[in-house]
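Some notes on the structure that comes next.
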Amino acid sequence: MKGSTRWLILLGVLILAAVFFSAFGERSSSSNKNVSFNFQIRPVLAQNCFSCHGPDPESREANLRLDTETGAKALLANGQAAIVEGDPDNSSLISRIHSKDPESVMPPPESKKSLTEAEKELLERWIAEGAQWEEFWAFQPPKADQHPDLSTADLIDVEINAELDQRGLQAAPPATADQKLRRISYLLTGLPPTVAEREAYLLDTSQTAYATWIDHYLASPRFGERWARHWMDLMRYADTQGHEFDYEIEGAWQYRDYLIRAFNQDLPYDQFVREHLAGDLLHKPRLHPQTQSNESVKGTIYMALGEGKHSPVSIKQEEADRIDNTIDVTTKSFLGLTVACARCHDHKFDPIPTADYYRLYGLFETARIHRYSEANWLALQKDRQQMDSLHQFLQAQSPTISPQSNAWPEEAIVWADFRDGEDWNWVADGPAFSGGNTAKRPIISPSGNATLPRVGSMRSDTYGKGVAGALRSPNFLLQKDAISFRIRGEKASLRLIIDNFQLIQFPIYGQLEQRIDRPQFQTITIDNLNDYQGHKAYLEIIPAQSDRHRLHTASEAWVEIAWAVEHESALVFNPPKVFAYEKPPNFPIPKHLHPDTLAWSSSASPSYFKGVSSGPAVYSPIFIRGQVDQPSDSSLRHGNLSALGGQMFAGEGDHRLNFAEAILHPDNPLAARVMVNRLWQHTFGRGLVATPDNFGLQGKLPSHPELLDALAVRFREGGWSIKQMLREFMLSEAFQRASVPRSGTKSKDPNNQYLSHFSIRRLEAEAIRDGILATAGCLDTMMYGPNVAIHLTAFMQGRGRPTRSGPLDGMGRRSVYQGMRRNFLPPFLQAFDLPVPFTAFGKRNVSNVPAQSLSLMNDPFVQEQASYWAERVLQLAESDSQRIERLYQEAFSRSAKQTEIQTGLQFVQQQCDLYPQDIAAEQKAWADYTHTLFNLKEFIYLL
Amino acid sequence: MRAASQNAKTQISRREMLYRCRQGFGGLALLSMFGGLACGEDKHLPSGSPISDGSHHLPKAKSVIFLYMDGGISQVDSFDPKPRLYAERGENPYKKFKVDNTQFADIGSLMPSLWEFQQHGESGMWVSELFPHIATCVDDIAMVRSMVSNFPEHTNANYFLHTGIGIQGRPSMGAWVQYGLGSENENLPAYVVLDSGLIPPGGLDNFTSGFLPASYQASVFRTGDIPLANIQAQEASKQHQQQKLLAMQTLDRKIMQQSGGNDAIASAISNYKLAANMQVSVPEVADLRGESLLTRNLYGMLDEDEHTRNYGAQCLLARRLVERGVRFIELTCPKVKADRWDQHSDLKNGHERNAHAVDQPIAGLLKDLKWRGLLDETLVVFAGEFGRTPFSQAGDGRDHNPSAFSIWMAGAGIKGGTVYGQTDEYGYRVVDKPTTIHDLHATMLHLLGIDHERLTYRFGGRDIRLTDVHGHVLQEILS
């Protein structure tokens with residue numbers, strides 16, 4: 001106990017450290033247990049020693065590493081070891097930390113780090129006790145469930161209560177029925193319970209009433225809208241790309257809709273992860289319930305949601321920044337690891353070498369941005385099969401293709417010459433072009449006779465004009481200064497994509513995108529490519545044209561390409577003649593293979609979105625110190641993180657699906673832990689691990705490690721059901737406690753880490769705004785679709801400002817449907833801590849500033865809603881007292897107290913007296929009253 | 001003198017500490033070292049608190065006025081004379097030096113300054129005729145001619161200059177300063193951006209609190225009747241609002257009781273008092289009607305050019321904010337006819353219009369601050385995001401140049417009349433004492449009494465600083 005008192009005194013001195021290291025501190029106070037390496041020692045070493053004696057060899061001093069057991073106990077050059085098991089006196093670590101000599105003391109003064117006496121003592125004790133090493137807790141497989149017979153809710157209570165007992169903390173009594181209803185309604189749907197819901201709930205006296213209402217809200221379509229927004233914080237969701245002109249991200253909102261559907265239907269989390277990383281690669285995708293389009297592929301939109309720089313001077317750097325952001329978002333969100341810290345050097349704290357980073361870098365570099373249409377996937381599949389049958393038939397009927405050719409000049413690099421009937425490994429994505437080379441596609445006469453064209457080409461109009469899709473070449477390293485194309489079409493484009501750069505435009509890059517608007521073949525040359533020699537590039541042919549980086553597929557759009565050749569601009573050449581057939585064959589084809597019967601052609605959808613699709617494998621070198629112009633000599637294969645096993649992914653090509661499976665592999669303890677912790681955090685207000693995006697050594701230690709493990713195992717083994725988990729969380733007693741702690745509890749656990757009571761919390765920005773709309777009676781529950789334009793105030797200025805402002809009330813739609821323009825974020829939501837969408841935000845700030853009071857008091861939106869609310873309630877045939885009672889039920893999900901009714905009546909009267917005595921006075925006075933209610937703390941805090 | 005150092009001497013109660021923190025007025029980072037407690041779990045501050053191991057030094061500056069020269073002033077036309085450009089006018093730059101890729105990839109010939117340079121003041125500092133008024137203040141100015149940036153594009157360069165990182169979403173320097181020091185005036189925001197007409201490329205995110213709590217984001221003041229969003233009461237009369245506030249106070253008692261006196265709720269309640277005060281103090285500070293004709297004239301507010309008049313008013317407002325203890329003030333550029341300083345063509349007209357709009361107001365500000373004894377505790381920084389090329393673009397413009405540009409500082413702790421660093425004979429690259437944005441930030445923080453290496457915030461697993469892992473204080477320009 002002496003140690004613990006001392007520790008508590010130190011807490012006072014350490015201030016911030018105390019709160020944030022509380023798991024560590026309080027564990028040490030609990031008993032005479034052995035010192036825990038994971039909970040007490042490693043954090044001290046990580047914080048104070050790893051920057052010079054950690055995983056990064058470049059910054060390692062004295063050839064000593066303290067992040068591995070072998071390293072820490074090895075004999076050093078001076079013949080001593082930093083740590084000698086059981087022998088602190090002979091451990092140089094101990095003598096160095098106690099040294100009074102500034103030259104020798106560790107950590108050295110210039111590091112501006114220092115150990116407390118308690119930390120030094122702990123280190124000594126730990127070494128004396130044998131210096132036992134443990135694998136870092138987050139990488140250990142979860143410990144077996146100690147209570148397999150208990151329901152998850154009961155298990156939670158057993159674990160939470162045990163911890164409370166051990167710490168001498170007393171649980172608070174149960175919350176009131178009203179409080180519980182308000183909690184589950186807000187936490188599950190982001191909206192207050194309606195008066196009718198409350199009445200029904202209070203009337204239901206059965207044992208299962210509470211559970212029934214949890215299920216009610218879990219089943220509400222509003223559930224997906226709230227939980228999608230939580231996820232959007234992680235995926236740095238925005239509708240625009242920020243930077244100078246804030247260009248739109250086409251169809252970003254489709255991702256938001258995808259999330260809402262996924263959460264509402266309780267899509268198993270493992271499938272959810274797969275679809276994010278590789279929804280385009282799934283053989284049997286899920287389909288959209290109405291359009292029958294490929295739903296799974298929409299998960300990949302997240303990779304297109306990052307920033308995009310207007311006219312970057314180095315597009316290689318721009319690609320590197322984009323991929324870095326993808327790695328950052330992906331690994332924080334799905335793994336709780338900060339892999340992006342390994343961009344320039346090995347991770348300073350976690351076992352994440354730079355090589356891991358660049359394995360993933362190549363994996364993401366392989367993916368190409370692709371614009372998908374919401375086409376009927378089933379129809380497409382059917383058509384494709386029919387097309388295949390037709391090809392097979394033709395294969396059997398027609399003679400082998402033997403191109404007649406004279407040669408291209410030797411100095412030219414032929415990217416493709418489709419006239420010979422081959423596809424040159426170009427890949428068609430989407431329905432356009434999917435008929436393959438025209439040389440293999442017949443022209444069918446009315447009599448049913450088919451003729452194959454004499455000359456091959458790639459055409460987009462297999463299914464007709466105005467069909468979306470893209471034809472892309474393999475990757476090339478540019479070698480010459482020009483590329484020429486033989487091409488024709490209307491309302492179409494060809495784009496040279498260098499280093500995956502998409503925002504092609506004036507002033508530097510304009511020529512990389514050429515509009516095709518001539519129905520006759522022409523030769524187009526893109527030259528001046530000297531600056532890009534050695535860069536990776538591919539060519540993209542699309543029957544669409546871009547306007548401010550939004551593609552439009554006109555109904556008359558089509559495009560056809562015959563060849564593409566790279567050459568020096570000085571080279572003068574005549575393209576050789578190439579014929580697929582000397583004499584094109586002519587033969588009858590069976591009616592059922594007739595292309596006119598294709599199902600898709602009529603079901604073209606006007607809705608598009610950007611996700612990714614497969615490209616040929618790109619293996620990245622390491623960029624030394626993160627510098628794109630300093631690549632290492634050799635490239636790295638795609639592979640898993642070393643900390644998760646480090647296996648290389650088999651085969652050549654796109655390995656995003658392999659990575660998804662590696663994340664989800666039962667041997668990876670992080671995926672389930674991280675997600676279950678996020679669910680816990682959104683339910684209880686704080687994660688079992690308080691740093692939800694960082695389970696690494698710089699993250700916080702779990703407050704209830706055994707519980708976290710048991711929940712993770714149950715989550716995985718129970719089929720990754722999010723709703724099931726949330727239901728159990730809310731059924732626990734721990735969740736149903738009152739929010740006022742018992743006396744004495746607060747001083748022992750100021751942050752309520754051990755959940756002796758319900759943590760009071762301020763509602764999130766969206767819940768406040770949506771709550772205002774719902775309470776006023778103005779909420780439009782219309783779901784899905786393009787965003788509502790942002791309402792622009794005079795204070796929102798700058799480039800890329802939309803020409804028109806959206807309505808003040810956002811059309812009464814929920815906040816999740818409001819436009820999220822990176823450069824014009826909604827100020828009301830920002831005042832209440834909406835995160836800036838630049839990386840994964842698993843945990844929002846909760847600030848408390850006058851700007852919030854000013855918004856609620858003076859924002860015309862709030863005033864307007866208050867006035868609608870008053871108007872509505874005044875129309876009801878009720879007494880003033882009844883009205884106040886109703887307003888309280890609507891706003892606070894509880895009855896008004898008599899004193900509150902009195903205050904209300906008095907207030908309305910007083911306000912009324914201040915207005916000119918006309919018929920509007922009463923309405924205005926009531927609007928003042930409803931506005932006051934919006935401004936009560938009870939409206940924005942959840943108790 | 002300042003909130004933080006006062007607190008160092010006086011023990012503050014936990015309640016007051018919490019109160020201050022939750023207001024966002026307290027300088028969280030520095031306050032925390034003086035025996036208070038953390039402000040609750042929402043502030044995920046670093047565990048080994050960056051500043052818990054000792055106090056930072058005595059500050060020179062109480063406030064910063066950051067004059068943002070959006071778009072990039074041409075150094076060779078303003079503060080960095082290059083005679084050789086006259087001699088080699090019209091010659092091909094590729095034959096003179098290695099030319100980097102530029103934003104417009106339109107490399108013209110060498111182009112000398114369009115304006116004459118003269119020496120000024122006792123220090124004899126060279127200033128071109130673009131800035132006749134600023135030229136009269138050179139003995140208060142330390143000129144840094146050796147600035148370099150990492151980005152040739154506006155947005156990244158803007159983010160870099162403002163946040164120390166060239167990407168969106170990081171906390172702006174004003175947010176860091178407020179996080180470190182708080183404000184001296186609880187009735188005004190601590191970090192104010194005076195929108196003089198042009199929000200720079202990259203938008204309001206240049207002034208964001210990033211991953212710091214929203215308390216630290218800038219309040220953007222506009223010219224006009226309503227200086228700040230939502231600052232104007234909407235009620236029919238003062239009394240209407242007063243009665244609302246009173247009713248709130250009464251009715252909020254219920255939740256205070258229900259929540260067992262929850263700290264967060266308590267401070268949310270007291271925020272209303274502050275908000276109500278701000279409703280008075282913000283319009284009051286923005287109301288320049290009480291300023292004398294002499295003062296207005298000094299700031300160029302009587303000029304025939306409306307942009308000069310407007311910018312003059314902004315400069316005057318900046319002084320009034322400084323007087324009231326506002327910590328960090330940034331002025332954006334006025335919207336003159338020729339866009340901001342970004343002259344890819346027609347350098348002559350563009351730079352002249354911009355210079356005319358800001359020159360007299362800035363000189364007026366420096367002089368006014370000095371007369372009032374405020375310059376000693378106010379740091380004035382004049383900087384753009386990069387410079388411009390010594391060769392032409394489109395015949396009569398200049399492209400972006402992040403490899404060399406000039407900025408200056410004046411006021412608190414600055415050695416006036418100093419010229420620091422040197423560019424090559426074309427003004428294209430720095431040859432002596434290359435100075436990074438991180439160095440600029442480190443120096444600004446230093447003058448404010450903050451060690452830039454110790455002002456950190458834990459985010460995404462790292463203790464992040466305004467200066468990333470870089471930055472050196474420019475000792476040579478300090479007095």
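Here is the naming used below: chain letters follow the sequence lines, and residue numbers restart at 1 for every chain.
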field: Between Ala690(A), Ala794(A), Ser739(A), Gly798(A), the one whose heavy-atom pairs under 4.5 Å with chain B are most numerous
entry: Ala794(A)

- request: Could you look at Ser259(B) and say if it's the side chain, the backbone, both or neither that has a heavy atom under 4.5 Å from chain A?
  value: both

When Asp195(B), Asp100(B), Leu212(B), Ile167(B) are compared by non-hydrogen pairs under 4.5 Å with chain A, the top option: Leu212(B)

Heavy-atom side-chain proximity of Leu936(A) to Ile255(B) below 4.5 angstrom: no

Option in Arg222(B), Gln217(B), Gln279(B) with maximal non-hydrogen atom pairs under 4.5 Å from chain A: Arg222(B)

- request: Would you please classify the geometry between the His243(A) ring and the Tyr159(B) ring as parallel, tilted or perpendicular, with 30° and 60° separating the classes?
  value: perpendicular

- line: With chain A, the option among Val220(B), Thr208(B), Asp205(B), Asn158(B) that has the most non-hydrogen atom pairs under 4.5 Å is Asp205(B)

- prompt: Are any non-hydrogen side-chain atoms of Glu385(B) and Asp70(B) less than 4.5 angstrom apart?
  reply: yes

- prompt: Looking at Tyr272(B), does the NZ or CZ of Lys937(A) lie under 6.0 angstrom from its six-membered ring centre and within 45 degrees of the ring axis?
  reply: yes

task: Please determine, among Leu697(A), Val836(A), Asp693(A), Leu933(A), the option with the most heavy-atom pairs under 4.5 Å with chain B.
output: Val836(A)

message: Tell me whether Lys244(B) is salt-bridged to Glu235(B), with the criterion being a basic N under 4.0 Å from an acidic carboxylate O.
response: yes

Any Thr793(A) side-chain heavy atom under 4.5 Å of Phe828(A) side chain: no

message: Below 4.5 Å, heavy-atom pairs only: which of Arg822(A), Lys348(A), Lys332(A), Gln179(A) has the largest tally toward chain B?
response: Arg822(A)

Lys/Arg N to Asp/Glu carboxylate O, Lys254(B) vs Glu938(A), below 4.0 Å: no

query: In terms of heavy-atom pairs under 4.5 Å, which option from Arg170(B), His154(B), Gln103(B) contacts chain A the most?
result: Gln103(B)

message: Quick check on the interface: out of Lys273(B), Gln258(B), Arg462(B), Gln241(B), who has the most heavy-atom pairs with chain A under 4.5 Å?
response: Gln258(B)

- prompt: Under 30°, 30 to 60°, or over 60°: which ring-plane class applies to Phe939(A) and Phe892(A), parallel, tilted or perpendicular?
  reply: perpendicular

query: When only pairs under 4.5 Å are counted, which of Ser855(A), Ser314(A), Gly904(A) shares the most heavy-atom pairs with chain B?
result: Ser855(A)

message: For Gln249(B), which atoms come within 4.5 Å of any heavy atom of chain A: side chain, backbone, both, or neither?
response: neither

statement: Counting heavy-atom pairs under 4.5 angstrom with chain B, the leader among Pro860(A), Gly696(A), Gly242(A), Pro312(A) is Pro312(A)

- prompt: With respect to chain A, which residue among Gly203(B), Gly260(B), Gly197(B), Pro201(B) yields the maximal number of heavy-atom pairs within a distance under 4.5 Å?
  reply: Pro201(B)

message: Report which part of Pro402(B) has an atom under 4.5 Å of a heavy atom belonging to chain A: side chain, backbone, both, or neither.
response: neither

- prompt: So what's closer than 4.5 Å to chain A heavy atoms on Ser219(B): side chain, backbone, both or neither?
  reply: neither

message: Taking side chain as everything from C-beta outward and backbone as N, CA, C, O, which of these in Gln232(B) sits under 4.5 Å from a heavy atom of chain A? Side chain, backbone, both or neither.
response: backbone

- request: Could you look at Thr338(A) and say if it's the side chain, the backbone, both or neither that has a heavy atom under 4.5 Å from chain B?
  value: side chain

message: Suppose we call two aromatic rings close when their centres sit under 6.0 Å apart. Are Phe151(B) and His400(B) close by that rule?
response: no

- prompt: With only heavy atoms counted, which part of Asn694(A) is less than 4.5 Å from chain B, the side chain, the backbone, both or neither?
  reply: side chain

field: Part of Leu198(B) lying under 4.5 Å from any heavy atom of chain A
entry: neither

message: Using the ring centroid of each side chain, check whether Tyr179(B) and Tyr191(B) are separated by less than 6.0 Å.
response: no

message: Could you check whether any side-chain heavy atom of Phe221(B) comes within less than 4.5 Å of a side-chain heavy atom of Pro189(B), counting everything from C-beta outward?
response: yes

query: Picking from Arg762(A), Met796(A), Gln852(A), Lys897(A), which has the most non-hydrogen pairs under 4.5 angstrom with chain B?
result: Lys897(A)

